[in-house]
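A short write-up of the structure that comes next.
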Amino acid sequence: MKIPMQWIGAYTPISLEPQAYMDRMIMCGDGVEGYENLGAEVENVVVGRVLTCEPHPDSDHLHVTTVDVGEGEPLQIVCGAPNCEAGILVPVAKVGARLPGGVKIKKGKLRGVASEGMLCSSDELGVPVELYPSVGAAGLLIFQEDYPLGADVRPILGIDDTVMDFEVLANRPDCLSVWGVARETAVACGSTFHKPEISVKECGGDIHDYVQVEVRDPDLCPRYVARVIKDVRVGPSPMWLRKYLHGAGMRSINNVVDITNFVMLETGHPMHAFDLDMVEGRHIIVRRAVEGEHITTLDGKAHALTPGQLVICDASKPSCVAGIMGGEESEITEKTHTMMFECAVFDRASTRVTSRALGIRTESSGRFEKGVSVRTAMEAMDRACQLINELDAGDVVSGVIDLYPDPAKEQVVAGSCKRIAQRTGVDIPPEEIERILSALYFDVKREGDALTAVVPEFRQDVEGEADLSEEVLRIYGYDKIPSTLLRGETTPGGRNDRMRLKDDLAGQLQGMGYYEIMNFSFLSPKDIEKLNLPAGDERLQPLQIRNPLGEDTSVMRSTLAPGMLKTLALNMNHGNETARLYEAAAVFDPLHPTDEGLPTETQILCLGVYGKEEDFYTLRGAMEQLLRHRGIAFQIVPGGESYHHPGRCARLMQGETVLCTLGEVHPAVRENFDMPARALIAEMNLETIAALSQPMGAVKPMPRYPAVSRDLSLVMPERTSVGPLMADMAKAAGAILEDVKLFDVYRSAALGADMKSVAFAFVFRGADRTLTEQEITAAMDKILKAAADKHGAVIRS
Amino acid sequence: MNMKEQIAQIRAHVTEEMRALDGTQALESLRVKVLGKKGELTALLRSMGQLTPEERPQAGQLINQAREEFTALLDEKLREFKAIEQEAALRREAIDVTQPCALPPRGSAHPITLCMNEMVDCFTGMGFEVVEGPEVELDHYNFELMNIPKNHPARDAQDTFYIDDNVVLRTHTSPMQARTMLTRKPPIRVICPGRVYRADEVDASHSPVFHQMEGLVIDKDVTMADLRGTLNAFAERLYGKGITTRFRPSFFPFTEPSTEVDLTCAACHGKGCRVCKGTGWIEVLGGGMVNPKVLEMCGIDSSVYSGFAFGIGLERIAMQRYSVPDMRLLYEGDLRFLGQFR
C-alpha cells in the first residue's frame with residue numbers, strides 16, 4: 001500500500017529521513033518495499049509571472065516573454081506554448097533547473113533570441129491533470145491561485161512528498177490504512193498517534209424518510225452503517241485531498257467519490273456511495289443473489305450473478321456487488337442530488353469467492369478479503385460525513401442506520417509474562433512487556449506474572465499468548481534475540497534410507513560420467529502419447545491437475561521417459577555431442593491409490609545417453625554395475641517397452657521381478673521427440689532396488705592356488721544369443737571355473753552369412769588344490785559339449 | 001720385468017684404453033681383455049707358477065690388489081656410461097605433456113542437489129533426521145494442520161494446484177512436519193527436503209516446481225534463540241566464518257512469532273554490494289516458533305512443549321551461490337550448463 005509520508009505525519013510526527021524510517025518500520029514488522037520522492041526529478045522550478053509576451057521576430061509560433069520570478073531583473077524566456085500571454089502565473093524552470101526524464105535547463109538562444117529558462121507545461125513537470133487541472137501537453141500550466149513569485153512549485157503542485165510503499169503482512173489488515181500505519185509509526189518511533197476529532201454537523205430531517213435498509217443475510221454482512229446526504233454538491237476536490245490520493249496511487253474523480261476513497265485509505269473501511277434517486281423504492285436490501293440475476297458494474301461490464309453471491313439490491317434488482325464493485329446505475333454523477341453512504345462489513349470468504357468468480361478485484365474487495373474490523377465502521381462513516389461538511393459537498397441528514405445485530409465482543413488475552421518472554425528467547429522484564437503492549441493500544445492489566453490484555457478494536461489477529469510474544473518482541477527488537485544451540489536429549493539424526501540409496505547410486509553414476517537433471521513433475525498428456533504405449537497402458541491415465549497452468553503441464557508424470565527424451569533432444573539440438581544424464585524422481589499413479597486416497601508415488605531412476613561412444617552395451621553396463629554395486633543378482637531377458645527398438649532392448653530381472661528396462665529409443669519415438677540422433681534410455685524402480693539390495697558380506701579369502709587360462713573360439717548361428725550360451729557353458733564347467741569373458745565377436749564371408757565366431761577366455765582355479773591338466777581338459781570338453789548340444793556352437797577350425 | 005712392472009704396464013694401457021671407451025659394450029670388452037678368464041691379469045696369475053714360493057704371496061697380493069683396483073675403475077666407468085645412456089633414453093622418450101589427453105568420464109549432481117546435500121550434512125550433524133513425504137498431499141496436512149483454514153487467501157487457486165477438493169500438490173514441505181508430529185513423540189528434530197508446487201508461470205525467477213528444505217524442532221523450552229543459534233550454525237557452515245543472521249518480524253500462519261531471516265551477504269561480507277543491493281544482507285529463509293494451535297492440532301501439548309520451524313528455498317540458495325541468472329536453466333537439463341557443476 002502506497003502512503004505519502006505527509007499523510008502519516010498528519011497523525012504522527014515523523015522525525016526520521018525516509019531511509020531510516022523505512023528501516024525502522026521493517027524491523028518492527030511493518031514491511032516496506034521502498035519509497036519514492038515524488039518531486040525528486042524536479043529542481044529549481046519556481047512560480048513566475050509573465051510580464052510581457054511578444055511574438056518572436058523570426059518565428060510564426062514562438063513568443064519572447066519577460067518573466068518575474070521574484071528576484072532582480074525579469075528573465076527573458078522564449079516560449080512556444082499557444083496559451084502564453086502576459087499576466088499569467090506559471091511554473092518557470094530557471095537556468096540550472098532539472099525536470100523529469102533527466103532534462104537540464106541551460107541558457108541558450110532560440111532562433112537568435114536569448115532565453116534564460118523555460119516556462120513549463122504539466123507534462124514537463126510530470127504532474128497529471130487530475131492532480132493539478134491544466135490544459136495538458138498543449139500548453140503551459142497556469143496557476144489558478146495567487147502564489148508568491150519565486151516560490152518552489154513542488155508543494156503547490158503536490159509533488160513535494162515521499163511515498164512509502166508498505167508491504168502489509170497478511171495478518172495485519174488494520175495496516176492497510178493510514179491510521180493503521182500511523183499507529184505503528186508512533187510505536188516504532190516512540191511518538192504519539194493523534195486521531196482527528198470526529199464530529200458530524202447534521203442538517204435536520206430523518207434518515208428514515210429517505211431510505212429503508214434491510215440486511216437479509218447478516219451471516220455475510222455482520223454490520224451495515226448508512227447515512228444520507230442531501231443537496232449533494234459534486235465538484236472538484238481541494239488540492240490537499242487530490243495530493244494525498246495521487247500519492248496513494250489513486251486518481252481524483254470528484255469530491256464525493258474522493259471522500260469515499262480517502263476514508264477507505266485513511267481508516268481501512270471501504271465505503272460506497274449510492275445515488276438514492278436511482279435506487280428503486282429507496283429501499284436497500286442486502287441479500288444473496290438468486291437464479292437469473294444480472295448486474296452491470298460501474299466499469300460498464302455486465303455480469304451474470306450466481307445464487308449465493310452477496311449483493312446490495314434496491315426494491316427490485318441488484319445494484320451493487322457487496323464489497324466488490326458498485327453498479328453503473330446508482331453511480332454518483334454530476335446530477336446526483338441525494339445520496340447514501342454505505343460503510344459495511346462483509347464476510348471475508350464470501351467476498352473472496354465472489355471476487356474470484358466474477359473476476360473483479362478492487363481495493364475494496366482486497367480489504368474485505370483480508371478482514372475489515374466490524375467495530376470501527378461507525379467511526380469511518382462519521383469521518384466521511386465530517387469531510388462532506390468540511391468540503392461543503394452536501395448536507396448530512398440527521399440520523400444513522402446501523403444494522404449490527406450481533407455486536408463483536410471485546411477480545412481479552414490472558415497470559416504469563418514469563419511464558420511470553422520465554423518463547424522469544426529474550427529476557428524481557430514484565431514491566432517492559434506491559435509498556436510495549438500498552439503502547440500497541442492494548443488495555444493491559446498485570447499482577448506480578450499474570451497479565452490480561454484487551455485487544456484493540458482494530459486488531460483481528462491477536463488470539464493467544466504466542467501472539468503477545470510476537471507483539472512484544474517485534475517492538476523490543478528482533479535484533480536482541482541471542483544465539484543458542486539446541487540442548488537436551490540428543491537425537492541420532494541422519495539421512496533416511498531413501499536418500500542414502502539415491503546418494504549411493506548417484507555417486508556411482510557421477511563416476512561413470514552421468515550428470516543429474518531435474519525435469520518438471522508435470523507433463524502434457526501428449527508427451528506420454530509420444531511414447532507410443534499400447535492402448536490400455538496405465539501410464540496413459542496420469543494424475544490430472546484440476547487447475548493447471550496450461551495443457552503442457554496439466555498432468556503429473558506417470559513416467560520419467562518423456563522428460564528424459566525431451567532433455568536428450570534439447571541437448572542434441574543445442575549441439576552437445578554426447579550426453580549421459582540421469583534423473584531420480586517420483587512418478588504418480590492415480591489408479592492404485594494409497595490407504596489415504598493419495599496417488600501412489602514411486603521413486604524412479606531414469607538414465608538417458610547418446611553419442612558416438614554410446615550403444616546398448618554401454619548403457620547396460622552402467623545398469624549392471626549399479627545392480628552389482630547393490631549386491632543384486634539378475635538375469636538379462638530380451639524385450640522391453642514400446643518406445644524401445646524391439647531388437648535392442650532388454651529387462652534386467654530377478655526371477656519374475658523387473659529390476660530395470662533399457663533399450664535404444666525406437667526410431668518412431670525418436671521422431672516424435674524431434675531427436676536427430678540415436679539415443680538410449682533405461683529406467684529402474686528405486687523401491688525395488690531398495691528392497692532387493694544386499695549388504696556387503698564377508699570378503700572371500702585370497703586365492704592360494706594358481707589359475708589356469710584357456711581360450712576358445714566357437715562358430716555359431718548369428719541369431720543365437722551369447723548370454724544363455726555363456727550361462728550354460730559356465731554351468732557345465734562346474735565350480736572350478738572362476739571366470740569367463742567374451743573377448744571377440746567376428747564375422748566373415750568364410751564363416752558364412754548367418755554365422756558368427758565368438759571367442760571366450762576361461763579362467764580355472766581350484767579353491768583347495770592346484771588343478772591338473774586332466775581336470776581342465778575334462779572341463780573344456782564339458783563346455784564344448786554344452787555349447788554344441790544346446791546352442792549349435794562348434795569349435796572353430 | 002718383475003710383477004710390479006707388469007701390473008704397471010697393464011694399468012698404463014687400461015688407463016689409456018678407458019679414455020677412448022665409447023660405451024658399455026667397449027667397456028665390457030676391456031673388462032674381458034683384462035679381467036676375463038683369458039685376460040691379462042688372469043694370465044699374470046697363472047704365470048705365478050714360475051715364481052719362487054717366497055715371491056708368490058707378495059705377487060698374489062699385488063695381483064689381487066690390481067684386480068680390485070681395475071674392477072672399481074671399470075665399475076665406476078660403467079656407472080658413468082649407464083647414467084649417460086639412461087639420460088639419452090629418457091630424452092628420447094620425452095613426450096609433449098601439454099598435448100590434450102582423453103578424459104575419463106566425469107559427472108555431477110544437479111546444483112540443487114549439491115546445495116541440498118550440503119544443507120542436509122549441516123543439519124544431520126546437529127542431530128536432525130531427514131524425513132520425506134508425498135508430493136501430492138491431503139489438503140488436511142498441507143493447509144488445515146498448518147493453521148491455514150478453508151478460504152484463507154494462502155489457499156487461493158492462484159497459488160495452489162488442486163487435484164480435487166481434498167488433494168493438492170503440496171505448496172511447502174510443511175505437511176511432512178504435521179505427519180511427523182502426529183506420529184512421533186518429542187524430542188523431534190527433523191528436516192524435510194523436497195519438491196513443492198505453486199501455480200506460478202515460469203520466468204527468470206519463478207517456477208511452478210521448486211525445492212524446499214524445512215526444519216522442525218519440538219522439545220521442552222525451545223526458544224527463538226535456539227532457532228537463531230541453529231541458523232547461525234547453518235549460515236557459517238554453508239557460507240563460511242563471519243556469516244550470521246538477521247531476524248525481521250514477519251507472518252506465517254503456522255508460526256508465532258514469525259521471522260524472515262537474512263544472512264550476511266557472502267559476496268561482500270556485509271559491506272554492501274551489488275548482490276545485496278547495498279544492504280549487506282540477503283533474504284534467505286523464513287521461520288519462527290511453531291504456532292501453539294499447530295502443536296495442539298498435531299497432538300502435542302503446547303503447555304509442555306514448544307518448537308521452532310524454518311523453511312529454505314533451495315533454488316534461491318543455488319542461484320545465489322552459483323550466480324545463476326535465470327531459474328529456467330535449472331530445469332532445462334542443458335549440459336552446457338550442468339557440465340559446469342562439480
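Note that these values count all heavy atoms, side chains included, but never hydrogens, waters or copies made by symmetry. The sequence lines fix the lettering, A, B, ..., with proteins before strands; numbering per chain opens at 1.
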Any luck finding a side-chain donor-acceptor pair between [X] and [Y] under 3.5 Å?
| X | Y | value |
| --- | --- | --- |
| A/Q422 | B/D221 | yes |
| A/Q510 | B/S108 | no |
| B/R246 | A/Y478 | no |
| A/S521 | B/R195 | yes |

[X] versus chain A, heavy atoms under 4.5 Å apart: side chain, backbone, both or neither?
| X | result |
| --- | --- |
| B/Y141 | side chain |
| B/V168 | neither |
| B/A109 | both |
| B/L330 | backbone |
| B/T245 | neither |
| B/N166 | neither |
| B/V167 | side chain |
| B/F308 | side chain |
| B/D226 | both |
| B/S306 | neither |
| B/D165 | both |
| B/E260 | neither |
| B/Y197 | side chain |

Using non-hydrogen atoms only, which part of [X] is less than 4.5 Å away from chain B: side chain, backbone, both, or neither?
| X | result |
| --- | --- |
| A/L598 | side chain |
| A/P599 | side chain |
| A/R487 | both |
| A/D503 | side chain |
| A/E465 | neither |
| A/L473 | side chain |
| A/T578 | backbone |
| A/P548 | backbone |
| A/L581 | side chain |
| A/V426 | neither |
| A/E601 | side chain |
| A/Y514 | backbone |

Per-residue contacts, residues 24-31 of chain A versus chain B, heavy atoms under 4.5 Å: A/I26, A/M27, A/C28, A/G29
Reported CZ-to-CG distance for the pair A/R546 and B/D164, which is rounded to 0.5 angstrom: 6.5 Å
Distance, nearest 0.5 Å, that separates CE of A/M499 from OG1 of B/T124: 9.0 Å
Chain B: which of [options] shares the most heavy-atom pairs with it under 4.5 Å?
| options | answer |
| --- | --- |
| A/A349, A/A579, A/G511, A/A466 | A/A466 |
| A/T594, A/T567, A/I517, A/N571 | A/N571 |
| A/G425, A/P492, A/G494 | A/G494 |
| A/E613, A/R498, A/M512 | A/R498 |

Residues in side chain to side chain contact (heavy atoms under 4.5 Å, CB included) contact with A/H574, at least two apart in sequence or another chain: A/L570, A/N576, B/D334, B/R336
Check: B/F341 ring centroid to A/Y515 ring centroid under 6.0 Å: no
Ion pair check, A/E463 and B/K293, cut-off under 4.0 Å: yes
Lys/Arg N to Asp/Glu carboxylate O, B/E132 vs A/K502, below 4.0 Å: no
Selection from B/P111, B/G127, B/P104 maximising heavy-atom pairs under 4.5 Å formed with chain A: B/G127
